[in-house]
S.K.: 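One structure is given below, represented as C-alpha cells, and several questions about it will come after.
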Amino acid sequence: MDLQIRQLERRDLAEADRIFRSAFGSFLGLPDPLSFGGDADYVSTRWHAAPATALGAYLNDELVGSNFLTNWGSFGFFGPLTVRPDLWDKGVARALLAQTIPLFDALGVQHTALFTFPHSPRHVAIYQKFGYWPQHLTLVMSKTVQGATNTPAWSAFGDISVERRARHLDTCRALTNAVYPGLDLSREINSVAEQRLGETVLIQEGDELVAFAICHLGAGSEAGSGAAYIKFAGTRTGEGAALRLDRLLSSCEALAASRGQTLLVAGVNTARHGAYRLMLERGFRAMLHGIAMQRNNELGYNRPECFILDDWR
C-alpha cells in the first residue's frame, strides 16, 4: 500500500468526519453507522483547535483514517483515532500510532494517555504494543438538568474582556499545575471561546480562583443537541476540594439551564474516587464505560485526591 501519514488537510474534514462516524457506528453495530454521534462534532472542532497535531492517513492520496492529538501542557491524549472499516486490520491504525508518539515527544509532552473500549481485546492490544497500559475505568455520566435554585456565584470566561483574559488563564494554569505539574488547559479554554463551542465556568473565593470547568454546549460542539458536556473540570487541591467540585457542578448545571440544555454530561476516572462518589451522590448515572490507558503505566492525575473531571475521548 502507498500509505502516507501527514497533517490532516482542511479539505478532508468532511471525509474525516464520515470515516469517524462510520468506524464507531460499525464497531458498535448501529443499523445506520453514520448516525453515530448525532449532531455532535469531534472532528472539525479538534482540527480547528490544533490543526498541526491532526494526522491523516492517506492511501494513494485518499483519506482513509485520522487521529487527533490534544496537548494540555505536560499531559496529552489522542483520539478519536479512526480508520475506514474496509481497511481495519491492514496496518493503518499502527501507522497512525507510529507517528503519534514522536509528535507528542517533539511537542515536549511528558505523559500521554487515551480512552478506549474495555471490552475490545483488539483495541487494548494495539495500544499496549505502543506502551499504553490499561488502568481504571472511566465513566461518562449524565443527569437531567434541574432548574437553578440557590446557585452559587460564578463567572464566565466569555464575559471577560480580551485584554484581561491572559491573567485569568494564568490563574487557571496555576490551579492545574498544583494538581499535576505542567498541566495547562489554556489551549482548550481559548479554543472553546474562539470557536464559540460553549463556555468556561470560573469559581472564585474572594480574589482567588478555586475551580473552573470547560463546557461544550449543544449542536456542533462535542455535546450535541440538548446537552452540556463538561470536557474538563478541576478544583484547587487540598481540604475542601470536594465542596468546591460540588459548587462547580451546580454552576455548570446552572449554565446548562440558562442555555436551554436538558442534559449535563461529564466523565470521571474511577481512580479519582472522591470525585466519582460525588457525581453519584449528585444523581449522575453512567451512560458509557471506557478504560484509561496510560503510557508507561504512569498514574498521571488519576489519583484519589484529584477532584478532576474529564474522559479523554
Side-chain angles (χ1 to χ4, degrees), residues 1-8 16 19-20 22-24 26-28 42-43 46-47 49-59 63-138 140 180-184 187-188 267 269-271 288-303 310-313:
M1 294 193 301
D2 181 18
L3 181 68
Q4 294 183 338
I5 307 299
R6 61 177 188 263
Q7 185 175 331
L8 180 66
I19 292 172
F20 156 73
S22 175
F24 277 106
S26 297
F27 176 77
L28 296 172
Y42 286 83
V43 170
R46 298 197 182 188
W47 187 90
T53 56
L55 297 175
Y58 291 85
L59 180 59
L63 184 73
V64 296
S66 62
N67 192 21
F68 297 85
L69 283 66
T70 297
N71 181 359
W72 289 350
S74 61
F75 171 73
F77 63 94
F78 65 82
L81 189 162
T82 53
V83 175
R84 205 171 69 192
D86 64 301
L87 291 171
W88 286 355
D89 299 321
K90 303 294 184 182
V92 179
R94 289 193 296 274
L96 282 165
L97 283 167
Q99 294 298 317
T100 294
I101 295 172
L103 182 52
F104 271 134
D105 292 341
L107 293 169
V109 178
Q110 298 166 20
H111 178 53
T112 60
L114 64 100
F115 171 109
T116 194
F117 299 104
H119 64 286
S120 172
R122 174 196 297 171
H123 287 83
V124 172
I126 188 171
Y127 296 131
Q128 200 164 276
K129 288 178 181 177
F130 284 86
Y132 293 87
W133 294 87
Q135 298 181 342
H136 283 73
L137 289 176
T138 293
V140 180
Y180 185 78
L183 183 63
D184 181 2
R187 290 183 183 88
E188 201 72 50
N269 188 270
T270 54
L288 174 66
H289 288 79
I291 193 163
M293 298 186 69
Q294 304 212 58
R295 194 176 181 189
N296 299 325
N297 205 34
E298 296 181 16
L299 292 178
Y301 54 84
N302 281 351
R303 307 189 308 271
D310 62 9
D311 60 57
W312 309 343
R313 279 183 294 165

S.K.: When rounded to the nearest 0.5 angstrom, what distance separates CG in L107 from CG in L69?
M.R.: 7.5 Å
S.K.: Less than 4.5 Å apart, side chain to side chain, heavy atoms only: is that true for T82 and Y42?
M.R.: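 Heavy-atom side-chain distance check fails, nothing below 4.5 Å.
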S.K.: Is there a donor-acceptor pair closer than 3.5 Å between any side-chain N or O of Q99 and the backbone N or O of R6?
M.R.: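 Flag not set: sc Q99 to bb R6 has no pair under 3.5 Å.
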S.K.: May I ask you to decide if A50's main-chain N or O and T53's side chain share a donor-acceptor pair within less than 3.5 Å?
M.R.: yes
S.K.: Please confirm whether the backbone N or O of P134 pairs with a side-chain atom of Q128, one donor and one acceptor, at under 3.5 Å?
M.R.: no
S.K.: Could you tell me whether a side-chain N or O of S74 sits under 3.5 Å from a main-chain N or O of P181, the two making a donor and an acceptor?
M.R.: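 Pair found, side chain donor or acceptor close to backbone of P181.
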S.K.: Is a donor on one side and an acceptor on the other found under 3.5 Å between the side chain of T270 and the backbone of L137?
M.R.: yes
S.K.: Can you tell me which residue among F115, F130, F68, Y132 is in a ring pair (Phe, Tyr, Trp, His ring centres under 6.0 Å) with F78?
M.R.: Y132
S.K.: Does any non-hydrogen side-chain atom of T100 lie less than 4.5 Å from one of L55?
M.R.: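 They are in contact (side-chain heavy atoms under 4.5 Å apart), so the answer is yes.
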S.K.: Using every non-hydrogen atom in the two residues, find where R84 and I19 come nearest and quote the distance to one decimal.
M.R.: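 Where R84 meets I19 most closely, the heavy atoms are N-CG2, 3.5 Å.
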S.K.: Between E188 and A49 (side chain of the first, backbone of the second, donor and acceptor by atom type, cut-off under 3.5 Å), is there such a pair?
M.R.: no
S.K.: Are the side chains of Q7 and P51 in contact, using a 4.5 Å heavy-atom criterion?
M.R.: yes
S.K.: Output yes when a side-chain donor or acceptor of N269 lies under 3.5 Å from a complementary backbone atom of A271, and no otherwise.
M.R.: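 Side chain of N269 to backbone of A271: a pair is present.
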S.K.: May I ask you to decide if the ring planes of F77 and W72 are parallel, tilted or perpendicular, using 30° and 60° as cut-offs?
M.R.: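 Perpendicular.
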S.K.: Within the 4.5 Å heavy-atom criterion, are L3 and K90 side-chain neighbours or not?
M.R.: no
S.K.: Is L8 close to L63 at the side-chain level, that is, under 4.5 Å between some pair of heavy atoms?
M.R.: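 In contact.
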S.K.: Report the distance from atom CZ of R94 to atom NZ of K129, rounding to the nearest 0.5 Å.
M.R.: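 NZ of K129 is found 6.5 Å from CZ of R94.
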S.K.: Any idea how F117 and H119 line up, ring-wise: parallel (<30°), tilted (30 to 60°), or perpendicular (>60°)?
M.R.: perpendicular
S.K.: So V83 and V64, do their side chains get closer than 4.5 Å, heavy atoms only?
M.R.: no
S.K.: How long is the gap from CH2 on W133 to CD on Q294, to the nearest 0.5 Å?
M.R.: 14.0 Å
S.K.: Between A54 and W47, what is the shortest heavy-atom contact and its length?
M.R.: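 Looks like CB-CD1, 3.7 Å.
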S.K.: Could you pull out the closest heavy-atom pair between Q135 and I291, with the gap in Å?
M.R.: O-CD1, 3.4 Å
S.K.: Of all the heavy-atom pairs spanning A16 and V43, show the shortest one and how long it is.
M.R.: CB-CG1, 3.9 Å
S.K.: Describe, in one word, how the ring planes of W312 and F75 are oriented to each other, choosing from parallel (under 30°), tilted (30 to 60°) and perpendicular (over 60°).
M.R.: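 The arrangement is tilted - the two ring planes meet at 30° to 60°.
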